[in-house]
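Worksheet: one structure, shown below.
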Amino acid sequence: MALKITNNFNKSQAFKGNASSGLSSLNALYIQNTGVQNPANAMIQPAAQFAPSAAQAAIPSGQQNGVINPLPAYMPGVGAVPSGYFMPGDDNHGSEDKIIKKTPLTGARIMADKIAKDIFVYAPKGMQGSKNSNFYEYLSLGIIPYIVGSAMLIATSVAAKKFFNPNDAKASGMMGKNIAMGVILYGAMKWAANKVMNKGTEIITGVDMEMPYKKVINELPENGRAKVVTEFHRVFESVDFPRWDLINKQGEENGNRYEFYDKIAEDKLGCEEPLNAPDQVVQPLIKKALTKAMAARSLTSFLWAATGVAIAAQKPFAEEFLNFSRSSGVLNTLKHLPKNFAEVFVKSAKQLWQGSTFKSGLVGKGLIILATASTVLGLLNVKRGYKIDKHPSETKIDYKKDYVEN
C-alpha cells in the first residue's frame with residue numbers, strides 16, 4: 001500500500017513507544033490484536049505484511065481504547081497510525097475513474113452537481129487561492145456570469161416599472177418579458193441544437209460525444225488533511241486525448257477489450273468479420289469524425305441560439321404569453337402553460353419567417369434557413385469519409401526488374 005505522510009514527523013513521533021518498552025499503547029494494542037509475538041521485530045516489518053483486511057478485522061471500529069476508526073496503515077518504527085496522519089491509497093477509498101451509466105436524467109444531475117459546486121465549492125476555493133483549484137473548476141464557473149448577467153438584464157427592464165406612467169409601464173413590462181424569453185430560448189435552443197448534433201453523430205458513427213465518466217482526484221493536503229473529490233467529464237471531450245483507457249477497461253469487464261470498436265466496425269462500418277486490430281483501425285476514424293462534429297456543433301448551436309432570441313423578440317411572446325387573468329390561479333396557469341407556450345412559439349416563429357416588412361422577413365428566413373442548413377450539412381460532413389477500405393489493394397511485385405542490394 002502506498003502511503004503518503006500528510007502531517008509532520010513530530011506528530012508521528014507521538015505514536016512511538018518510550019525507550020524502556022519500545023511500544024506506545026496504540027502500537028501495543030495493534031500488535032496484541034494482530035497476534036505478533038516479537039514486538040521488536042514487528043516494529044521493523046514492512047507494511048505489506050499487515051494486510052488492511054486483517055487490521056480492520058483485528059480492531060473493531062467501535063472499540064473504545066483511545067483508537068477511533070483506525071486505518072489499516074502501518075509505518076516501520078511508528079506502527080499503526082490513525083486517520084488524519086496518512087492519506088490512504090486507491091485501494092482504501094475504492095474509487096477510480098470509470099464510465100458511468102447514462103440515463104435520461106444523467107445530464108441534469110451532472111449539471112445540478114456542477115452548479116452546486118460552482119457556488120459552494122469552486123468559487124470559495126478560487127477566492128481563497130487554494131492550491132487544489134484547477135482549470136476544470138475555472139471553466140465550470142463560466143455558468144455563474146451567465147445566470148447573474150441574465151437576471152440583471154431582465155431586472156433593468158422591470159425594476160423601475162413602478163415609476164413609469166401606465167403606458168410606459170406596460171411597454172416596459174412587455175420588453176422585460178421579451179428579454180426574459182430571449183434568455184430562456186437562447187439557452188433552450190442552444191441545448192436542443194447540441195442534442196441534435198450529438199444524437200445525429202451517434203447515429204452515424206456509433207460514438208456518443210456525451211459519454212460521461214467520473215474522475216477521481218486526490219487533492220494535495222490542506223490544513224493537515226487530504227481529500228478525495230470527484231468531477232464529471234466526458235470521455236470524448238478532448239479529440240486529441242480521448243479516454244481510450246476507460247473504453248478498453250469497460251470492454252475488459254464485459255470480456256472483450258475491443259467490444260466498443262468491434263460494435264462500430266460491424267454496425268457502422270459494415271465489416272462482416274472482426275478486424276485484426278479494431279482499435280488501430282477505428283480510433284483514427286472516430287477522431288476525424290469528432291473533429292468535424294464538434295466544429296459543426298459549435299457553429300449550429302449559436303445559430304439556433306440566435307434564432308431563439310429572434311423568436312422571443314416577436315410580439316406574440318410579449319402580448320399573449322402568460323397573459324392569464326389573475327382569477328385563473330397559479331395551478332390553472334401551470335396547467336395550461338405548456339399549451340400556451342407551444343401556441344405562442346409557433347406564432348412567433350411564423351412571424352419571424354414572414355416579417356413585418358420585406359427586409360425583416362428576408363432576415364428571418366435567412367436566419368432559420370442558415371441554422372437548419374448548418375445542422376444538415378454538418379451531419380453530412382461527419383458522414384463523409386467515415387468508412388474503411390474493405391478490399392485493400394494487394395502488393396504487386398514486378399519480377400522482371402532487377403534487384404540490387406547495396
Is there side-chain contact between Gln351 and Pro316, with heavy atoms separated by less than 4.5 Å? yes

If I take atom CG from residue Leu290 and atom CZ from residue Arg297, how far apart are they, to the nearest 0.5 angstrom? 9.0 Å

Working note: Glu231 + Lys215, criterion salt bridge (charged side-chain N to carboxylate O under 4.0 Å, His left out); need CA distance, chi angles, decisive distance, verdict. CA-CA 5 Å; Glu231 297 174 352; Lys215 183 177 181 63; over 6 Å; no

For Phe236 against Asp208, the heavy-atom pair lying closest together: CD1-O, 3.5 Å

All heavy atoms of Gly126 vs all of Ser133, minimum pair found to be N-OG, 3.7 Å

Whether Arg243 engages the ring of Tyr213 as a cation-pi pair (distance to the six-membered ring centre under 6.0 angstrom, angle to the ring normal within 45°) should be assessed. yes

How close do Ile264 and Val207 get, counting heavy atoms only, and between which atoms? CD1-CG2, 3.9 Å

Quick one, Val282 and Phe260 - any side-chain contact, counting heavy atoms below 4.5 Å? no

Within the side chain of Lys365, is there an N or O that forms a donor-acceptor pair under 3.5 Å with the backbone of Trp353? yes

Other residues, nucleotides, ligands: >12 heavy atoms within 6.0 Å of Met175 CE: no

Do Tyr136 and Leu141 have side chains that approach each other closer than 4.5 Å (heavy atoms only, starting at C-beta)? no

Begin from the C-alpha positions of Thr372 and Trp304 and carry the test side-chain hydrogen bond (donor to acceptor under 3.5 Å, both in side chains) through to its verdict. CA-CA 8 Å; Thr372 304; Trp304 280 112; 5.7 Å; no

Can a donor-acceptor pair be found, under 3.5 Å and without considering hydrogens, that links the side chain of Asn178 to the backbone of Ala312? yes

Just by modelled atom types, is the Lys268 backbone N or O under 3.5 Å from a matching donor or acceptor in the Lys263 side chain? no

Are side-chain heavy atoms of Asn248 and Tyr261 found at a separation under 4.5 Å? yes

Where do Lys177 and Phe317 land on the side chain to side chain contact (heavy atoms under 4.5 Å, CB included) test, with the steps shown first? CA-CA 7 Å; Lys177 188 183 295 185; Phe317 267 112; 5.8 Å; no

Are there over 12 heavy-atom neighbours, none belonging to Lys315, within less than 6.0 Å of that residue's NZ? no

Run the side chain to side chain contact (heavy atoms under 4.5 Å, CB included) test on Asn134 and Tyr138 for me, step by step, so that the C-alpha distance in whole Å, both residues' side-chain angles and the decisive distance to 0.1 Å come before the verdict. CA-CA 7 Å; Asn134 55 42; Tyr138 169 76; over 6 Å; no

So, do Phe321 and Lys347 sit near enough that their side-chain heavy atoms are less than 4.5 Å apart? no

Nearest 0.5 Å please: distance from the OH atom of Tyr258 over to the CD atom of Gln280. 7.5 Å

Spacing of OG belonging to Ser374 relative to CG belonging to Asn381, to within rounding of 0.5 Å: 12.0 Å

Side chains of Asp262 and Asn256: is there a donor and an acceptor less than 3.5 Å apart? yes

What's the spacing between Leu362 CG and Leu367 CG if we round to 0.5 Å? 11.5 Å

Note, Asp279 side chain near Trp244 side chain (heavy atom, < 4.5 Å): no

Flag side-chain contact, heavy atom, 4.5 Å: Val196 against Thr375: yes

From the list Glu219, Glu137, Lys125, side chain to side chain contact (heavy atoms under 4.5 Å, CB included) with Ser130 holds only for Lys125

Sub-3.5 Å donor-acceptor pair from the side chain of Asn340 to the main-chain atoms of His336, do we have one? no

Supply the atom-to-atom distance Ile143 CD1 to Ile147 CD1, rounded to the nearest 0.5 angstrom. 4.5 Å

Taking every heavy atom of Ala293 against every heavy atom of Met197, the minimum-distance pair comes out as O-CE, 4.0 Å

Within the distance-only criterion (no hydrogens, no angle test), does the side chain of Lys292 pair as donor or acceptor with the backbone N or O of Arg384 below 3.5 angstrom? yes

Note: Ala193 and Ser301 closest approach over all heavy atoms is CB-CA, 3.7 Å

Does a side-chain N-to-carboxylate-O contact under 4.0 Å join Lys102 and Glu210? yes

Does Lys249 come within less than 4.0 Å of Asp245, counting only side-chain N to carboxylate O? no

So, does Asp97 use its side chain to make a donor-acceptor pair with the main chain of Val216 at under 3.5 Å? yes

Just one of Thr205, Ile388, Val281 clears the side chain to side chain contact (heavy atoms under 4.5 Å, CB included) bar with Leu269, so which one? Ile388

Could you grab the distance from atom CD1 of Ile204 to atom CG of Leu379, nearest 0.5 Å is fine? 5.0 Å

Tightest non-hydrogen contact, residues Asp118 and Ser140, listed as OD1-OG, 2.6 Å

Strictly distance-based, threshold 3.5 Å: is any side-chain N or O of Asn198 a donor or acceptor partner for the main-chain N or O of Met209? no

Tell me, with the steps shown, if Thr230 and Ile217 meet side chain to side chain contact (heavy atoms under 4.5 Å, CB included). CA-CA 6 Å; Thr230 58; Ile217 299 176; over 6 Å; no

Would you confirm whether Gln314, through its side chain, and Ala310, through its main-chain N or O, come within 3.5 Å as a donor-acceptor pair? yes

State whether a side-chain donor-acceptor pair under 3.5 Å links Thr106 with Thr103. yes

Check whether any side-chain heavy atom of Trp191 lies under 4.5 Å from a side-chain heavy atom of Tyr186, and answer yes or no. no

